[in-house]
Amino acid sequence: MSDDVIITRDGHILDIRFNRPDKKNALTLKMYSAMTEALAAAEKDLDVRVVLFHGAGGNYTSGNDVNDFLSKPPIDESAPALQFISAIARATVPIVAAIEGVSVGVGTTMLLHCDYVLVTEDARLQFPFINLALLPEAGSTRLLPRLLGYTRAAELTLLAEEFSGARAVELGIASKTVKSGKIHEEAKTVADKFTAKPPKAVRMAKRMLKGEQARMDAIIAEEARIFGQQLTSPEAREAFSAFIEKRNPDFSALS
Ligand code: COA
């Protein structure tokens with residue numbers, strides 16, 4: 001297993017910690033693969049009663065490693081990022097996430113598949129896809145308008161600006177704000193509550209709450225198809241190069 005994601009068992013809790021603090025815990029192919037494997041195993045093991053996602057070094061995650069978008073783009077469903085998205089979208093085991101610092105891209109869209117999200121008030125969340133000339137993924141093009149209504153979903157995804165943890169709770173993207181410094185402790189307390197519930201009933205109830213899986217799978221596949229096309233577009237190349245070169249992108253010459 002890569003040290004960039006630390007996956008451990010703590011009683012009935014499967015603990016998944018992003019661990020690339022110098023890169024704000026940006027997610028690499030190896031990290032996605034390790035997490036997908038762990039989620040698949042958890043689905044088969046009723047002894048895992050909850051999964052807890054969090055990040056090392058004061059941040060949740062800055063999302064997909066932008067360098068990988070250029071060198072190893074996720075262009076078909078075998079891509080580790082897409083496998084991870086499929087695993088989390090299909091998971092019936094309850095999932096808790098603890099958000100502090102930055103939570104960007106798939107870091108934030110994955111929250112729409114979690115069951116309890118704790119966040120610090122000043123956490124910085126973002127759906128940045130449009131700024132990279134990409135499409136919001138992980139079913140978020142359907143889940144966000146359903147959760148927030150079209151107007152607020154459009155604001156968050158088309159303007160693609162950061163929003164705070166406090167706003168995430170106001171919007172219903174997160175469950176509860178927690179004081180800085182207490183987030184890991186409080187997340188563990190919530191995870192412990194899930195471990196005390198009857199595991200089969202929890203999983204069946206979650207499956208029903210999430211609704212028809214086939215429809216969600218189809219939306220995720222369609223988002224991935226367009227995302228894959230966009231990855232090699234001139235506007236996306238310009239956005240990735242700008243990030244790597246630490247400058248603002250210039251879309252003015254593109255039609
Ligand atoms: N992929 C690769 N490297 C990343 C990264 C990512 N998603 N996010 C951050 N990093 C790297 C930075 O390049 C920098 O590396 P360096 O120290 O070698 O220069 C380091 O992590 C620290 O990031 P920095 O940008 O200096 O931190 P910040 O606090 O000013 O900003 C973010 C944090 C998350 C807002 C900013 O890094 C960012 O926008 N990252 C890209 C997020 C993104 O678009 N993800 C893809 C979503 S589809």
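Numbers for residues simply follow the sequence, beginning at 1. Indexing begins at 1, ligand by ligand and atom by atom, following the structure's order.
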Any idea which protein heavy atom is nearest [atom], and the distance to it?
| atom | answer |
| --- | --- |
| atom 44 (O) of ligand 1 | Leu132 CD1, 3.3 Å |
| atom 6 (C) of ligand 1 | Ala26 CB, 3.5 Å |
| atom 18 (O) of ligand 1 | Lys23 NZ, 2.6 Å |
| atom 29 (O) of ligand 1 | Lys24 NZ, 3.2 Å |
| atom 36 (C) of ligand 1 | Phe243 CE1, 4.4 Å |
| atom 1 (N) of ligand 1 | Val66 N, 2.9 Å |
| atom 20 (C) of ligand 1 | Asp22 O, 3.4 Å |
| atom 35 (C) of ligand 1 | Arg124 NH2, 3.7 Å |

Report task. Show your working on salt bridge (charged side-chain N to carboxylate O under 4.0 Å, His left out) between Glu100 and Arg124 and close with a plain yes or no. Result -> CA-CA 8 Å; Glu100 59 182 338; Arg124 297 159 56 196; over 6 Å; no
Query raised in the report: Looking only at side chains, do Gln230 and Glu235 share a donor and an acceptor under 3.5 Å apart?
Result: yes
**Report entry** Side-chain donor-acceptor contact under 3.5 Å, Ser103 with Gln126
**Finding:** no
Query raised in the report: ligand 1 and Asn64, any nitrogen or oxygen pair closer than 3.5 angstrom?
Result: yes
Does ligand 1 have a heavy atom under 4.0 Å from the side chain of [X], from its backbone, from both, or from neither?
| X | result |
| --- | --- |
| Val106 | neither |
| Ser62 | both |
| Lys246 | side chain |

Can you confirm whether [X] sits close enough to [Y] that some side-chain heavy atom of one is under 4.5 Å from a side-chain heavy atom of the other?
| X | Y | value |
| --- | --- | --- |
| Asp15 | Ile7 | no |
| Val96 | Asp115 | no |
| Lys206 | Lys210 | yes |

Query raised in the report: Are Met110 and Val50 connected in the hydrophobic side-chain network, where two residues link if heavy atoms are under 4.5 Å apart?
Result: no
**Report entry** side chain to side chain contact (heavy atoms under 4.5 Å, CB included) between Phe53 and Met35, worked out
**Finding:** CA-CA 10 Å; Phe53 278 99; Met35 294 190 291; 3.8 Å; yes
Report task. Work out which heavy atom in Pro80 is nearest to a heavy atom in Thr36; give both atom names and the distance. Result -> O-OG1, 4.2 Å
Report task. Answer yes or no for atom 40 (N) of ligand 1: protein heavy atom present at a distance under 4.0 Å? Result -> yes
Query raised in the report: Just to confirm, does any protein heavy atom lie below 4.0 Å from atom 8 (N) of ligand 1?
Result: yes
